[in-house]
Structure formats: C-alpha cells, structure tokens
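Down below is the structure, laid out as structure tokens.
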Amino acid sequence: MSRRVVITGLGAVTPIGNSVPEFFQALREQKTGFGEITHFDASGYKCHIAAEVKGFDAKHYMDAKAARRMELFCQYAVAASKEAIEDAGLVMENEDPYRVGTAIGSGVGSLQAIEREYGRLLEKGPGRVGPMFVPLMISNMAAGNVSIQFGLKGKSLNVVTACATGTNTIGEAFRSIQHGEAEVMVAGGTEGCISPTGIAGFTSLTALSPVDDPKKCSLPFDKNRSGFVMGEGAGIVILEELEHAKRRGARIYAELAGYGCTSDAFHITSPAEDGSGAAKAMEYAMQDAGVSPEEITYINAHGTATHLNDLFETRAICLAFGDHAKNIKINSTKSMIGHLLGAAGAVELVACVGQMEEGYVHATAGYETPDPELGLDYCREAVKMEVPYALSNSLGFGGHNASLLLKKYTG
C-alpha cells in the first residue's frame, strides 16, 4: 500500500509578491503583476509587457558569493525553498539527510547565460567563454543549488516538461514519498527567462500577447484573449510522508492525494484538439486519489489565455467531467501572474493550497466577455466556498499533460 503524502511548507517568489503571505494577499485583491519589461530594452520588440518579479535581492536569502554563482532561476528556487523549509519547521540536524530529497524543475534554465556567453564567443573568441557557463546555464542547477544550500542528500530530480514542469516535478516527488524513496521532498518549479531570446522566440510563435495595456494583456478564457504574458519566479512545497509529519508535530496544509500525466502524441505546440490527453491526466489523478468526478468543485486551470489552449482545455474538462463540468469553479492564476513556464504549475499549486485554507476561489482577473465556444464557469468574481478538493492542471509543449489533486486534510 502506498504511503500518504501531505504538504507541510510553502514558498513562493512571484510577480505579485516575494513571499507566500504577499502572494496570497495579492490573489485576494486581484492584484496583477504586469508592466513594461525592464530586464532589457524591449522597445524594438512586438511584445513590451511581462510579469517580472519586483524588488528581489538574492542576498536576503543567501550569501553574496553563493548568489554570484547562480543565475536568476536558481536564485528564485533557493529563495522559495528557504521560505518553504522554514515554514515547515524542518530542521535538517534532526533528519536523516539521505531521506530528504529535492525535486525542482526549470523548463528552460538560463537563457541569459547563453545570450551573454554566445556574445563573448562572437566578439572575443572561444577562449573567452566563461568557465562557469555550463553549470550556470543548465536547468538541473536549481535542484542542485537547493540541495547544496540546505544539505539535502536524498533523491535529487529535475523534471523538464516545458510548461508542465512544475506539476510533473511535484508529482514525481509525490511518487518518491509514496513508494518509500524519501520521507521529505522539497519540490517545485522555477523560471527566470524574461530575456531577449525568450521574448523574441515566444513572440515568433505568436504565443505572447501583443497588448500593451496591463489590464488587458492576460485574459484567460475571455473572448478577447490574445496570448499569454511571460512571467517568472518560483513555487516550492514541502512534501512529507504523513506519519513523519505527525511525529515531528508539523503543521499540515493539505494532503496531496492524486497525480496523473499523459502525452497527447499529437503536436509539438498545440494540445490535442479534442482535449483527450488532458482529460485522461485529470481522470488518472482522480483515480489515484479515489475521488469521483462529482466530488470535484474547483479546478485551477492551465488557462494561458491563448485561443487554442483555453478552448482545448475546456474541451478536456468537459470530456473528463461530462455534465458536472458546468458545476465546477474554474480559474486561472495566470490572469494575475502571467505564465511562469516551468514554475507555473508549482506556483499555481501553492495558490490552490491558499484557497483551500481560506475557503474561497480567486477570480480570473480581467475576465469580462464570455466566449460562446467555451461555456463553463471561469470565475468572473471571487467565490467564498469550501474547497474539499482542488485539481491543478498543466499542459506543456511536446504534448505533456499533468494534473495534481489536493485534498483537504482531515486526519
């Protein structure tokens, strides 16, 4: 029999708050994190808006020397992990370090390091490429740096499934505890690629919104949606085997009860048009948790605000839930923080925990004009309600579908 897994700590660095309390408060207030790109001069680009992290100083979370040896995506991961570990009251001196693992994914790693060192290569030749280029760039260094910073010697993973990365990484950490490979996993996703090549590449895909109005640029499920807004940050959860958490008197936020993932095997950028792959991932997560579709009343959708994603995800929800789909509250956290790529699913799971704790479902900010092609309840306004279960979806380029099912912990 698999072991039960609970969430005992939360950490977040987001475009609307650099801590979990700030993030939760901003969600309640429908605060959005969109503004003109400041990380580089985007005046010559078609897209000028992003959801940047504001006021972040790595030295508040680690020593200056360590910060200099990390790219932004790693700094975000270490900062969010520090908050989550402290929130969980996890004292490594009291733990077997080989039973505490790390599972932190990044969909991209550091585009900035690639841009910087390729520039040196062209201008000054191969001998001037920095010796730290590769270890700064590669995406597994988020997990590596977190394990080093906090002395986590157990299983260490970096799952990369594009925009499903955060959800898949947490799901694989969940499985690791279920099957006895660890007692605790520091798990989540991180991303920091608001950079020239990142913005130019997604713009060329016609995935990014060209709208310059921060109030109109990210409109998931709205008829006037025009694409997603690039975001950045990190979300971390402390996953823990239930009896281990109880023995040390940990606060338990929620139980992670189900995980499902599938592949569309259809197209490198478009989800399956009938939603069948994403629907099956949701079904697997419910089966894993032993929950019937009728028990689900809230879904945190992938909800990117691209025309096809929102349409095909809606079809997936209808396929998985049938007539009950119309009774489910569906929101998109991306309406406030943009699309954090590999960090998206992790930050959104943190948002689910907050809503479950506080008994409400946040609004899909900016949602005004229903799309007749869609037709479900996308939360124009916040709703006070009990949230016994929360289903969080992520879809990634390459056809990756992943769903996590949270359950309110009742003992």
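Only a predicted model underlies this, so the values are computations on that prediction, with no experimental measurement involved.
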Roughly how far, to the nearest 0.5 Å, is [atom2] of [Y] from [atom1] of [X]?
X      : Y      : atom1 : atom2 : result
Leu157 : Ile104 : CG    : CD1   : 10.5 Å
Arg225 : Thr369 : CZ    : OG1   : 11.0 Å
Leu376 : Asp371 : CG    : CG    : 11.0 Å
Gln287 : Ser292 : CD    : OG    : 11.5 Å
Cys379 : Ile330 : SG    : CD1   : 8.0 Å
Asp377 : Thr297 : CG    : OG1   : 11.5 Å

Please check if any side-chain donor atom of [X] sits under 3.5 Å from a side-chain acceptor atom of [Y], or the reverse.
X      : Y      : value
Thr364 : Asn331 : no
Gln355 : Tyr298 : yes
Gln25  : Glu29  : yes
Tyr61  : Glu83  : no
Glu191 : Ser106 : yes
Asn393 : Asn300 : no
Thr304 : His302 : no
His362 : Thr333 : yes
Thr167 : Ser394 : yes
Tyr253 : Asp87  : yes

Is any NZ, NE, NH1 or NH2 atom of the basic residue among [X] and [Y] found under 4.0 Å from an Asp or Glu carboxylate oxygen of the other?
X      : Y      : value
Glu255 : Arg4   : yes
Arg175 : Glu172 : no
Asp310 : Lys334 : no
Glu95  : Arg247 : no
Glu86  : Lys82  : yes
Lys223 : Glu373 : no
Glu181 : Arg3   : no

Next on the checklist: Below 30° counts as parallel, above 60° as perpendicular, anything between as tilted: where do the rings of Phe56 and Tyr76 land?
Outcome noted: perpendicular
Next on the checklist: Parallel, tilted or perpendicular, judged at 30° and 60°: which one describes the rings of Phe174 and Tyr259?
Outcome noted: perpendicular
For a quick test of reading the model, state the closest non-hydrogen atom pair linking [X] to [Y] and the distance between them.
X      : Y      : value
Val350 : Gly11  : CG2-O, 4.1 Å
Ala164 : His400 : CB-CB, 4.1 Å
Gly151 : Pro97  : O-CB, 3.7 Å
Ala103 : Ala173 : CB-CB, 3.8 Å
Cys47  : Leu208 : SG-CD1, 4.0 Å
Thr165 : Val159 : CG2-O, 3.0 Å

Check whether [X] reaches the backbone of [Y] with its side chain - one donor and one acceptor, N or O, closer than 3.5 Å.
X      : Y      : result
Thr32  : Met336 : no
Gln112 : Gly192 : yes
Ser332 : Gly303 : yes
Glu348 : Ser392 : no
Glu52  : Thr38  : yes
Glu386 : Pro388 : no
Glu71  : Cys74  : no
Asp288 : Tyr284 : no

Item to check | His39 and Glu232: CA distance, side-chain angles, deciding distance, side-chain contact (heavy atoms from CB on, under 4.5 Å) verdict | outcome: CA-CA 11 Å; His39 288 342; Glu232 61 178 354; 2.8 Å; yes
I want to check something: taking the side chain as every heavy atom from C-beta on, are [X] and [Y] in contact at a cut-off of under 4.5 Å?
X      : Y      : result
Leu319 : Ser276 : yes
Met62  : Met70  : yes
Val6   : Leu256 : no

Next on the checklist: Checking Ile7 against Ile252 for the side-chain contact (heavy atoms from CB on, under 4.5 Å) test, could you report, in this order, the C-alpha distance in whole Å, the side-chain angles of both residues, the deciding distance, and whether it holds?
Outcome noted: CA-CA 6 Å; Ile7 295 174; Ile252 295 174; over 6 Å; no
Report, as yes or no, whether the 6.0 Å neighbourhood of atom [atom1] on [X] holds more than 12 heavy atoms from other residues, nucleotides or ligands.
X      : atom1 : value
Glu295 : CD    : yes
Lys153 : NZ    : no
Phe321 : CZ    : yes
Lys54  : NZ    : yes
Lys155 : NZ    : yes
Phe40  : CZ    : yes

Checklist entry - How far apart are the C-alpha atoms of Ser147 and Thr102, what are their side-chain angles, what is the distance that settles it, and do they pass the side-chain hydrogen bond (donor to acceptor under 3.5 Å, both in side chains) test? => result CA-CA 6 Å; Ser147 67; Thr102 314; 4.8 Å; no
Checklist entry - Is the centre of the Phe228 ring less than 6.0 Å from the centre of the Phe202 ring? => result yes
Next on the checklist: Could you go through Glu183 and Val100, starting from their C-alpha distance and side-chain angles, then the distance that decides it, and tell me whether this counts as side-chain contact (heavy atoms from CB on, under 4.5 Å)?
Outcome noted: CA-CA 6 Å; Glu183 303 303 319; Val100 182; 5.9 Å; no
Checklist entry - Can Phe23 and Ile337 be said to form a side-chain contact (heavy atoms from CB on, under 4.5 Å), step by step? => result CA-CA 10 Å; Phe23 176 49; Ile337 64 172; 4.1 Å; yes
Checklist entry - Taking Glu368 as the fixed residue, which of Lys215, Arg380, Lys216 is the one that meets the salt bridge (charged side-chain N to carboxylate O under 4.0 Å, His left out) rule? => result Lys216
Next on the checklist: Go through it in stages, so that I can follow the logic: the residues are Phe266 and Phe312, the test is ring pair (Phe, Tyr, Trp, His ring centres under 6.0 Å), and I'd like the CA-CA distance, side-chain angles, deciding distance and then a yes or no.
Outcome noted: CA-CA 13 Å; Phe266 173 69; Phe312 299 161; 7.7 Å; no
Checklist outcome for this item: Across all chains, not counting sequence neighbours, the salt bridge (charged side-chain N to carboxylate O under 4.0 Å, His left out) partners of Glu115 are none
